[in-house]
Amino acid sequence: MESAALSAISRHLLRPSSNPYHNSTSEVLPLRSFNIAPLRRRFNSLSTRCNQASSSANSSANPNFSCSAVASDTEALASDHVSTPQLRLKRLVDEFVSLEEPLDRVKLLLEYATSLPFFPASARVLSNRVMGCTAQVWLSVSTDGYTMQFSADSDSEITRGYCACLIAVLDGASPEEVLEMHPEDFAELNVVGSSGKGGAQSRVNTWHNVLIAMQKRAKAAIAEREGRPPVDPFPSLVISPGGIRAQGTYAEAQAMFLSPDESKIKELVSVLKEKKIGVVAHFYMDPEVQGILTAAKRQWPHIHISDSLVMADSAVKMAEAGCQYITVLGVDFMSENVRAILDQAGFEKVGVYRMSDAQIGCSLADAASSESYVQFLDNASKSPPSLHVIYINTSLETKAHGHELVPTITCTSSNVVQTILQAFAQVPDLNVWYGPDSYMGGNIAELFHQMAALSDEEIKEIHPGHDRKSIQSVLPRLHYYQDGNCIVHDMFGHEVVEKIKELYCDSYLTAHFEVPGEMFALAMEAKRRGMGVVGSTQNILDFIKNRVKEALDRNVAEHLQFVLGTESGMITSIVAAVRELLGKRGTGSPKVEVEIVFPVSSDSVSTAPVNGSHDVASLGVVPGVVAGEGCSIHGGCASCPYMKMNSLRSLLRVCHQVPDERGALTAFQASRLNVKTPLGRSVADVGCEPILHMRHFQATGKLPDKLVDQILGKNAESMS
């Protein structure tokens, strides 16, 4: 649901900025002049058509059509190749606008395709391929640092026409002139297609992505001309049918556990089967743990790795299947949720265990339990009618206390936008108070501000209950908490974003909804041209899988590069999914490689505690994988220190010691919240109610009547 909403938004929003470069080793073709002979032929053809039209009674049917302008501009385009790109673009636009019938514009585009010079087979290499295009597109670039010479080819005639239009405008331009161009300079003027759905959108994405690739090479040319040293790439893992190749020390540390210890797998599976233990784990686990669990799942079905929303549901299914114990690999609010949901489902006797005898915290959950958040909710309670939309990654106690102050519904990064839009549509004059993730709140507010500039039709595509007037009216009534963030996603700041722009502007970009605004904007721009995703961890995994499936269906050699804009623990699930897809290919099929890029400094290594402490605030790096590698707090990798407290050693210890007849695992048991709210109700009962409201919304698309009554004050007794 959320993916569709963000896709609709991204088609209309976010004017992309000029995109930087990556030093390329692509094979390039020699400097040459653009082939103008076909353009001269077209000039002669248009002149003939103009002469015929001048004697027709319908010659004035298209008010934009001017024979003299077309003839002079077309001749100028063919003869004055040294004119500025902006002037060449204007002439090109005038030429297409002069054609009233869409079929005539397609014919003209195909005629442009004939102007592309011969592109040798030796240049049709992966390093010259443009990612994100439905058809195969090759781009080769030559430059002396002051002018850019482009050659291109495609296995699609329509796409060849797009490339020809771009080259007609940009060939011979300076790198700076190439960078001045925006995709909208072409799209808004209806030169090479429309911004519609399906095939039309794919075609728009094609020329957009070719332009991005041109701009990347232009930025590289400027850097080389100025004598700047090449920028070191981020570490990455390359997954291919032949295995995994690690590039960079951080990637090597991640790859270490992708082929797990068989003896550990055997030991874990044996004890899980013997004692009927289910395992629910978050995507952000340590790679050693995830590697073992992923392999063990093939022999014991009651292992589930997911985002936080699904963990409790999976635990219930395991209990229904006969599991007597559930081990939870995550932070403490996750184990609390599993315990409470199992109790509500009637499985009070099923034991629930966490993986540390110490507190496993979460920066977001901590922010929501702070005094400033209570004040945030107190302000909300004084502004009726109000709805508190709280992120799933918070404790049950926080949800319960919040719900007693302000009617509350839980949300995830996958459904938050639609939840808020539906709430505004369903309850007149509503105030919405979102928390505790400040980055996500800011990103939502930015989306709504940009939606307010769309047409009514475009807005209704996102949510049928809204138009421009309604979106503009809700802007002052959307409030978000401004002092909470995830310490992992906080790392995707300016430094990381600039490096992504410089080296990976033409790659697929994934980003969690919790990232800072600058990274969010970059990912939304990529999403707009079919090259990115913004959402939950599951959304990111699904996006990567879908792009890989599409590449396999094309049945050609591919190298897909994805920037992983979330916690690095996702890599195990990504590798498992990609390996499964690649494994379905027959021998002799074209080679498809998938590269996962980690936004991390390769030299961010921590081998010992700082001042004898592993407290996050005192570290220059956050502890990472078992090898001791970590991540700079000031823009290094995304590795959650709390999630890494869930070790394989702890999992095996808990599994071997249950049932805990001697009380050795008391500190590992998930908390059963027997405490009361300020109004004397069970924290577990009240805290689960916002989750149930969310489930109703997910099932029906509407807020439940009970919640609406609470918002409007019609059911005060249910809140007391």
Side-chain angles (χ1 to χ4, degrees), residues 280 282 308-309 311-313 315-316 319 325-378 380-381 388-411 433 435-436 481 484 642 645 654 660 663 665-695 706-707 710 715-720:
V280 292
H282 195 273
S308 56
L309 174 64
M311 291 172 67
D313 294 339
V316 171
Y325 307 96
I326 303 294
T327 53
V328 181
L329 284 77
V331 295
D332 283 346
F333 74 77
M334 296 176 185
S335 58
E336 289 177 2
N337 285 349
V338 169
R339 176 71 278 166
I341 296 298
L342 282 172
D343 288 349
Q344 286 208 337
F347 294 105
E348 296 90 345
K349 294 183 179 180
V350 172
V352 178
Y353 290 89
R354 41 199 291 281
M355 293 300 107
S356 176
D357 56 1
Q359 180 182 357
I360 308 177
C362 169
S363 57
L364 275 181
D366 292 345
S369 61
S370 67
E371 286 297 324
S372 61
Y373 198 79
V374 174
Q375 183 61 50
F376 173 74
L377 293 180
D378 187 56
S381 69
H388 175 214
V389 180
I390 189 169
Y391 195 27
I392 187 74
N393 291 352
T394 50
S395 69
L396 278 177
E397 190 168 6
T398 295
K399 294 181 180 73
H401 290 172
H403 195 33
E404 287 199 337
L405 282 171
V406 186
T408 299
I409 185 171
T410 302
C411 73
W433 304 75
Y481 183 61
Y642 303 115
M645 294 173 68
V654 169
D660 185 26
L665 298 177
T666 300
F668 289 80
Q669 291 181 353
S671 299
R672 180 175 267 121
L673 298 176
N674 295 319
V675 296
K676 301 293 183 180
T677 68
L679 296 181
R681 300 177 62 197
S682 163
V683 162
D685 291 342
V686 181
C688 284
E689 190 167 303
I691 300 175
L692 298 177
H693 290 333
M694 178 186 67
R695 298 216 182 279
K706 180 179 181 180
L707 177 59
Q710 291 169 348
N715 193 8
E717 290 184 2
S718 69
M719 301 294 295
S720 62

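Starting from 1, each residue takes its place in the sequence as its number. Excluded from the calculations below are hydrogen atoms, water molecules and symmetry mates; all remaining heavy atoms, backbone and side chain alike, are included. Quick caveat, the model's predicted, so the values are computed rather than measured.
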Side chain to side chain contact (heavy atoms under 4.5 Å, CB included) between D685 and T677, intermediate numbers included: CA-CA 10 Å; D685 291 342; T677 68; over 6 Å; no

Donor-acceptor under 3.5 Å (R339 side chain, Q669 main chain): no

Min side-chain heavy-atom separation F333-T394 under 4.5 Å: no

Side-chain touch H693/H403, heavy atoms, less than 4.5 angstrom: yes

Worked check of side chain to side chain contact (heavy atoms under 4.5 Å, CB included) between E397 and S369: CA-CA 8 Å; E397 190 168 6; S369 61; over 6 Å; no

CD1 on I341 to CG on L692, rounded to 0.5 Å: 6.5 Å

Any donor-acceptor N/O pair, K399 side chain to I392 backbone, under 3.5 Å: yes

Verdict with supporting geometry, C362 and D332, side chain to side chain contact (heavy atoms under 4.5 Å, CB included): CA-CA 8 Å; C362 169; D332 283 346; over 6 Å; no

H388 and F376 aromatic ring geometry - parallel, tilted or perpendicular at 30°/60° bounds: perpendicular

Nearest heavy atoms of Y353 and V654, plus distance in Å: CB-CG1, 3.7 Å

CD/E348: more than 12 non-hydrogen atoms of other groups inside 6.0 Å: yes

Steps toward side chain to side chain contact (heavy atoms under 4.5 Å, CB included) verdict (Q710, E689): CA-CA 12 Å; Q710 291 169 348; E689 190 167 303; 3.0 Å; yes

